[in-house]
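Nothing here was measured: the structure is a model prediction, and the numbers come from that model.
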Amino acid sequence: MLGHAEGALTPPPFDPELAVALEELREELSKRSPDADLAARRAENAERDLTDEQLRRDGHFEIEDVSVPRSDGSRLGLLVCRTDSGATGVIYFVHGGGMIVGDNRSPDVAFALGWAAQLGLAVVSVDYRLAPEHPHPAPVEDCYAGLLWTAEEFAPGPIVLAGVSAGGGLAAATALLARDRGGPTLAAQVLLCPMLDDRNDSVSARQMTGLGIWDSAANEQGWSALLGDQRGTAEVSPYAAPARAEDLSGLPPTFLDVGSAETFRDEVVDYATRLWQAGGQAELHVWPGAFHGFDLLAPDAAISAAARAARVPWLRRVLGR
């Protein structure tokens, strides 16, 4: 996925620091390619899960694994990180992984823990079922079931719904479900490089073919796992692919960020634009030369630090903290 595909549209250049990081990540990223065995990819991802010690962040959080009922009577796992201050507000977090890998201790939950530690919030991370074994609507229904429990457990404090990559798409879909089902009121949603559109046909998707991280081939694999033969057809639900939603009104204040050099750039920019057109409040950051997941995979780059620094101030403004 790191080479240039012949005949592709001219892509935007990578940030110089990030270009170096991509080369350094080449061997590791080969394990995550669409051609890699899915079981091996899941095992590799699980090896990077955060430990209890890392989750506690020097004793700031108390860690608890709970299970809550799904509508079919099975159980859904939630990782609950409570603060020693007994805060009622919470960040409800949905991990990334292309719909096919990851769990509620994946490294990206560190984002939510960092925000929560600064804002005096708890964190709940949902262990939604993965495709292709559990196609749509299982993942988003899991996210919604976990949100219902979280809203009751941490009432009356504010709920921030957040997700990264596939988790960003599922978070956006969960917000749509909450709006349409008269579910919990959300104070904000934070969508980091969200996976929103199954059609996989934007200019940015074509520009980045064979480049960076999570190119159009990987994106096709993830969406096909979730949707099967419905991917790309008129039958796809907005609760699977939020870019399909015709009405984006009535959603909470939204923070979105994405790299200029990644597959999801155009669908994220379009989603933000449509939130504004629907009368919503949104803040959009497009980080120049950034690839997908840059701030997690290359945390020491200057642009990664700038991206991380933008999030908590926005949350403070929205939450009044």
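Within the model, atoms CG of Leu38 and CD1 of Ile100 stand 5.5 Å from one another, a figure rounded to the nearest 0.5 Å. Taken to the nearest 0.5 Å, the CG atom of Asp65 stands 9.0 Å off from the CG atom of Leu78. Note that CG of Leu196 is 6.5 Å distant from OH of Tyr271, once rounded to the nearest 0.5 Å. Annotation: the span from Thr10 atom OG1 to Gln207 atom CD amounts to 8.0 Å, rounded to 0.5 Å. Atom CG of Asp257 is separated from atom CZ of Arg308 by 11.5 Å, given to the nearest 0.5 angstrom. Interatomic distance, Ser224 OG to Met99 CE, rounded to the nearest 0.5 Å: 12.0 Å.
A donor-acceptor pair under 3.5 Å links the side-chain atoms of Trp276 to the main chain of Ala282, judged by distance alone. Between the Glu262 side chain and the Ala290 main chain, no donor and acceptor come within less than 3.5 Å of each other. Judged by distance alone, the side chain of Thr209 and the main-chain N or O of Ser216 form no donor-acceptor pair under 3.5 Å. Using modelled atom types, no side-chain atom of Thr233 and backbone atom of Asp229 make a donor-acceptor pair closer than 3.5 Å. For Ser260 (side chain) and Val286 (main-chain N/O), no donor-acceptor pair under 3.5 Å exists by modelled atom type. Between the Arg75 side chain and the Ser67 main chain, a donor and an acceptor come within less than 3.5 Å of each other. The backbone N or O of Val269 lies less than 3.5 Å from no partner atom in the side chain of Arg274, so there is not a single donor-acceptor pair. Judged purely by atom type and a 3.5 angstrom limit, Ser165 has no side-chain atom pairing as donor or acceptor with the backbone of Gly167. Between the side chain of Ser304 and the backbone N or O of Asp300 there is no donor-acceptor pair closer than 3.5 Å. Between the side chain of Asp198 and the backbone N or O of Arg231, no donor-acceptor pair lies under 3.5 Å.
A salt bridge is defined here as a Lys NZ or Arg NE, NH1 or NH2 lying under 4.0 Å from an Asp or Glu carboxylate O, and Arg70 with Asp142 meets this definition. Ion pairing between a basic and an acidic side chain is recognised when a charged N comes within 4.0 Å of a carboxylate O; Glu283 and Arg317 show such pairing. In summary, Arg206 and Asp215 do not engage in a salt bridge, as defined by a charged side-chain N under 4.0 Å from a carboxylate O. Looking at Glu133 and Arg129, no side-chain N of the basic residue comes within less than 4.0 Å of a carboxylate O on the acidic one, giving no salt bridge. Electrostatic pairing of Asp103 and Arg42 does not count as a salt bridge here, judged by no charged N lying under 4.0 Å from a carboxylate O. A salt bridge is absent between Glu47 and Arg105; no separation between the charged side-chain nitrogens and carboxylate oxygens falls under 4.0 Å.
Two residues are said to be in side-chain contact when any heavy atoms from C-beta on lie closer than 4.5 Å; Leu9 and Val203 meet this criterion. Under the 4.5 Å side-chain criterion, counting only non-hydrogen atoms from C-beta, Leu191 is not in contact with Phe255. For the pair Leu170/Tyr144, no side-chain contact is recorded, criterion being any heavy-atom separation below 4.5 Å from C-beta on. In this structure the side chain of Phe294 never reaches within 4.5 angstrom of the side chain of Asp15, judged on heavy atoms. The closest side-chain heavy-atom distance from Glu267 to Arg199 is not below 4.5 Å. Residues Trp149 and Pro69 are not in side-chain contact: their nearest non-hydrogen atoms beyond the backbone lie 4.5 Å or more apart. For the pair Val20/Glu23, no side-chain contact is recorded, criterion being any heavy-atom separation below 4.5 Å from C-beta on. Side chains of Leu315 and Val160 form a contact here, defined as non-hydrogen atoms less than 4.5 Å apart.
A distance below 6.0 Å separates the ring centres of Tyr128 and His95.
When the options Thr263, Asn200, Asp197 are evaluated for a side-chain hydrogen bond (donor to acceptor under 3.5 Å, both in side chains) with Asn219, the one that passes is Asn200. Screening Pro139, Pro132, Pro135 against Leu226 for a side-chain contact (heavy atoms from CB on, under 4.5 Å) leaves a single residue, Pro139. No option in His60, Glu153, Glu62 other than Glu153 meets the side-chain hydrogen bond (donor to acceptor under 3.5 Å, both in side chains) test with Arg82.
Both cation-pi conditions hold for Arg311 and Phe111: the charged atom is under 6.0 angstrom from the six-membered ring centre and inside a 45 degree cone around its axis.
Across Gly293 and Cys193, no two heavy atoms sit closer than the pair N-SG, 4.3 Å. Across all non-hydrogen atoms, the minimal contact from Arg316 to Leu119 is CG-CD2, 3.5 Å.
Heavy-atom contacts from other residues, nucleotides or ligands closer than 6.0 Å to CG of Asp58 number 12 or fewer.
Side-chain contact of Ser106 with Asp108: a donor-acceptor pair under 3.5 Å is absent, judged by distance alone.
Partners of Asp270 under the side-chain hydrogen bond (donor to acceptor under 3.5 Å, both in side chains) rule, at least two apart in sequence or in another chain, do not exist in this structure.
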